[in-house]
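Working notes for the structure below.
Residue numbers start from 1 in every chain, and the chains themselves are labelled A, B, ... in the order their sequence lines are given, proteins ahead of strands. Note that the coordinates shown come from a computational prediction; the quantities given were computed from them, not determined experimentally.
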Number of protein chains: 2
Amino acid sequence: MTTHVEARQSVPALESVARSRILDSAAELILDQGFAGTSMREVAASVGIKAGSLYHHFASKEEIFSAILERGIEVMVDSFAAVPVAVTEPPEALLRAHVRAHLGSLFEFGPYTAVHVTTFRSAPSSVREAIVPRRDAYEAMWSTLLHRIASGGAFRDDQDLGIARLVLFGAMNSTIEWFDLDGSLAIDDLADAVATQFWQGVSREGPSKEGLSREGLSREAAIQ
Amino acid sequence: MTTHVEARQSVPALESVARSRILDSAAELILDQGFAGTSMREVAASVGIKAGSLYHHFASKEEIFSAILERGIEVMVDSFAAVPVAVTEPPEALLRAHVRAHLGSLFEFGPYTAVHVTTFRSAPSSVREAIVPRRDAYEAMWSTLLHRIASGGAFRDDQDLGIARLVLFGAMNSTIEWFDLDGSLAIDDLADAVATQFWQGVSREGPSKEGLSREGLSREAAIQ
DNA sequence: CACGCTACCTAACAAATGTTAGGTAGGCAA
DNA sequence: TTGCCTACCTAACATTTGTTAGGTAGCGTG
């Protein structure tokens with residue numbers, strides 16, 4: 001009854017075509033219903049098969065979820081690694097390019113990264129713990145980047161780098177909530193806006209020495 | 001078998017003590033399991049009663065969820081309205097105070113706002129649509145605030161206000177993911193860091209006229 | 001006292017859940 | 001042809017789900 005047989009990929013085939021199709025559909029569903037809110041029957045129906053057949057490709061619902069979250073990280077890491085800007089470029093250009101890459105991973109390579117970002121916190125702890133190391137690895141790439149820039153003296157020294165990074169992550173990741181690839185704002189312009197806001201802020205006048213801190217930010221509270 | 005009878009509140013009692021206790025526990029559970037991932041029996045057990053008894057206080061699971069999301073907005077709106085800084089204050093102070101208020105609503109008044117922010121996108125559309133107007137009202141309060149500041153000329157004019165606001169929201173809301181009230185970083189310092197980063201950015205040198213934009217950000221893509 | 005009200009309970013319901021066992025159709029290789 | 005393998009199916013399973021009906025204990029008020 002199926003129209004044709006899928007060709008096997010020539011690569012060592014970590015992920016067969018069938019598996020990928022299922023993951024695509026499942027991720028889309030999970031993105032707007034959550035993991036627990038998406039049933040195996042729904043996933044199966046969305047790719048035109050019956051629920052039981054899913055177990056020909058995955059051992060369990062959790063395995064599907066895990067695969068999606070992992071692919072989400074892969075996409076981010078690959079995007080980061082593929083940034084076409086040399087580390088010798090000026091800080092603003094470096095930053096902008098990496099912001100663009102991260103936003104790209106959220107919108108341009110399937111729903112995987114978006115699912116990862118939005119549902120990680122409510123994932124079963126077994127799934128979550130298995131992914132944490134890879135997640136940390138990606139965050140470390142960013143840490144390294146920011147430290148490199150900071151060591152060049154381009155950053156203000158009254159702001160904690162770890163906090164700055166987490167705030168930037170939040171700003172980027174939450175674009176999922178409102179940005180639309182097909183809308184009037186281009187993703188390149190979005191990246192520029194986010195990067196500029198991160199780098200220079202929104203105020204007209206330049207940064208004062210003391211910033212906004214009420215009495216000077218205590219530095220003891222450093223976060224990685 | 002119950003130890004005591006709850007005293008009725010003297011206020012018109014929009015929310016009885018019993019209802020509030022249930023909402024508290026339910027919100028906590030939903031915060032780290034999601035709506036679909038949290039069962040009525042779980043909620044009931046967390047307040048020491050049986051599932052059926054929940055229906056003495058709420059008509060359905062959805063009603064519990066709705067009540068939580070609505071309270072989440074209430075907390076935000078109340079916090080915003082209670083900001084003890086006059087609009088005549090300098091922009092940085094105004095901003096910092098409102099950032100502090102929003103962060104407070106996320107961490108200091110129960111899990112409601114946090115639940116709202118993290119689970120809104122995966123809520124059943126019936127629930128979501130009912131809440132959208134109130135949500136918009138809160139966002140409008142921020143829009144008004146930012147426009148007031150902008151009309152004073154304090155903002156750079158090459159950045160879209162709507163985007164800036166959404167990015168700020170993202171930065172604030174995603175602190176849920178990593179900030180810990182009982183950690184070494186005080187929430188006041190967090191607010192300072194976020195506000196400073198929003199206002200001045202992280203770079204040392206002042207904003208250049210052209211910013212980071214590749215060729216000048218197109219303004220047509222204005223977002224509310 | 002009797003009444004009614006609140007807040008809970010038990011027990012069950014139909015429906016939906018993840019998962020499994022066993023079967024079938026078609027392609028490919030010997 | 002025979003046999004195996006992949007990819008699907010049907011049908012059922014035990015469990016969990018939201019929800020409801022009906023009952024009971026304790027309280028305050030008439």
Side-chain angles (χ1 to χ4, degrees), chain A residues 1-10 12-26 29-30 33-68 119 122-127, chain B residues 1-10 12-26 29-30 33-68 119 122-127:
Chain A
M1 247 303 155
T2 39
T3 54
H4 66 288
V5 176
E6 325 259 57
R8 217 8 81 65
Q9 271 181 328
S10 55
L14 282 136
E15 217 68 277
S16 76
V17 175
R19 270 178 69 108
S20 277
R21 280 229 341 269
I22 294 170
L23 290 181
D24 270 5
S25 286
L29 289 170
I30 292 176
Q33 298 182 333
F35 172 62
T38 303
S39 72
M40 292 296 265
R41 284 169 178 82
E42 253 179 307
V43 171
S46 74
V47 293
I49 63 176
K50 293 300 166 68
S53 307
L54 287 174
Y55 292 84
H56 218 314
H57 303 279
F58 298 92
S60 66
K61 192 188 179 189
E62 272 204 3
E63 191 185 299
I64 295 183
F65 197 32
S66 275
I68 290 173
T119 70
S122 62
S125 57
S126 56
V127 174
Chain B
M1 243 303 157
T2 39
T3 52
H4 66 290
V5 176
E6 326 260 55
R8 215 11 79 65
Q9 273 183 327
S10 55
L14 281 137
E15 217 69 276
S16 76
V17 174
R19 270 178 70 107
S20 277
R21 281 230 342 270
I22 294 169
L23 290 180
D24 271 4
S25 285
L29 288 170
I30 292 175
Q33 297 182 334
F35 172 62
T38 303
S39 72
M40 293 295 265
R41 284 170 178 82
E42 251 179 308
V43 171
S46 74
V47 293
I49 65 177
K50 293 301 167 70
S53 306
L54 287 174
Y55 292 83
H56 218 294
H57 303 279
F58 298 92
S60 68
K61 192 188 179 190
E62 272 204 3
E63 191 185 299
I64 295 183
F65 196 33
S66 275
I68 290 173
T119 71
S122 64
S125 56
S126 57
V127 174

Full working for side chain to side chain contact (heavy atoms under 4.5 Å, CB included) between B/F35 and B/V127: CA-CA 12 Å; B/F35 172 62; B/V127 174; over 6 Å; no
Nearest-nucleotide comparison on DNA chain D, the residue closer to the 5′ end among A/I22 and A/R41: A/I22
Report the distance from atom [atom1] of [X] to atom [atom2] of [N], rounded to the nearest whole Å.
X     : N      : atom1 : atom2 : answer
B/F35 : D/dG18 : CZ    : C1'   : 10 Å
B/L54 : D/dT17 : CG    : C1'   : 14 Å
A/E63 : C/dG18 : CD    : P     : 15 Å
B/E62 : D/dG18 : CD    : P     : 12 Å
B/Q33 : D/dT16 : CD    : P     : 15 Å
B/M40 : C/dC13 : CE    : C1'   : 16 Å
B/I64 : D/dT19 : CD1   : C1'   : 12 Å
A/R21 : D/dT6  : CZ    : P     : 18 Å

B/I64/B/M40 under side chain to side chain contact (heavy atoms under 4.5 Å, CB included): CA gap, chis, key distance, verdict: CA-CA 10 Å; B/I64 295 183; B/M40 293 295 265; 4.1 Å; yes
Separation between CD1 of B/I68 and CD1 of B/I30, rounded to the nearest 0.5 Å: 4.0 Å
Gap separating the OG atom of A/S16 from the CG atom of A/L23, nearest 0.5 angstrom: 8.5 Å
Choose from [options] the nucleotide whose nearest atom is closest to any side-chain atom of [X].
X     : options               : result
A/A51 : C/dT19, C/dT17, D/dC8 : C/dT19
A/S53 : C/dT19, D/dC8, D/dT19 : D/dC8
A/H56 : D/dG18, D/dT6, C/dT19 : D/dT6

Just to confirm, is there a sub-4.0 Å distance from OP1 or OP2 of [N] to any side-chain nitrogen or oxygen of [X]?
X     : N      : result
B/Y55 : D/dT20 : no
B/H57 : C/dC8  : yes
B/K50 : C/dT10 : yes

Identify every side-chain donor-acceptor pair in residues 49-59 of chain A under 3.5 Å, counting partners at least two apart or on other chains, and give the distances.
none

5′-ward residue of the pair A/E42/A/A59 relative to DNA chain C: A/E42
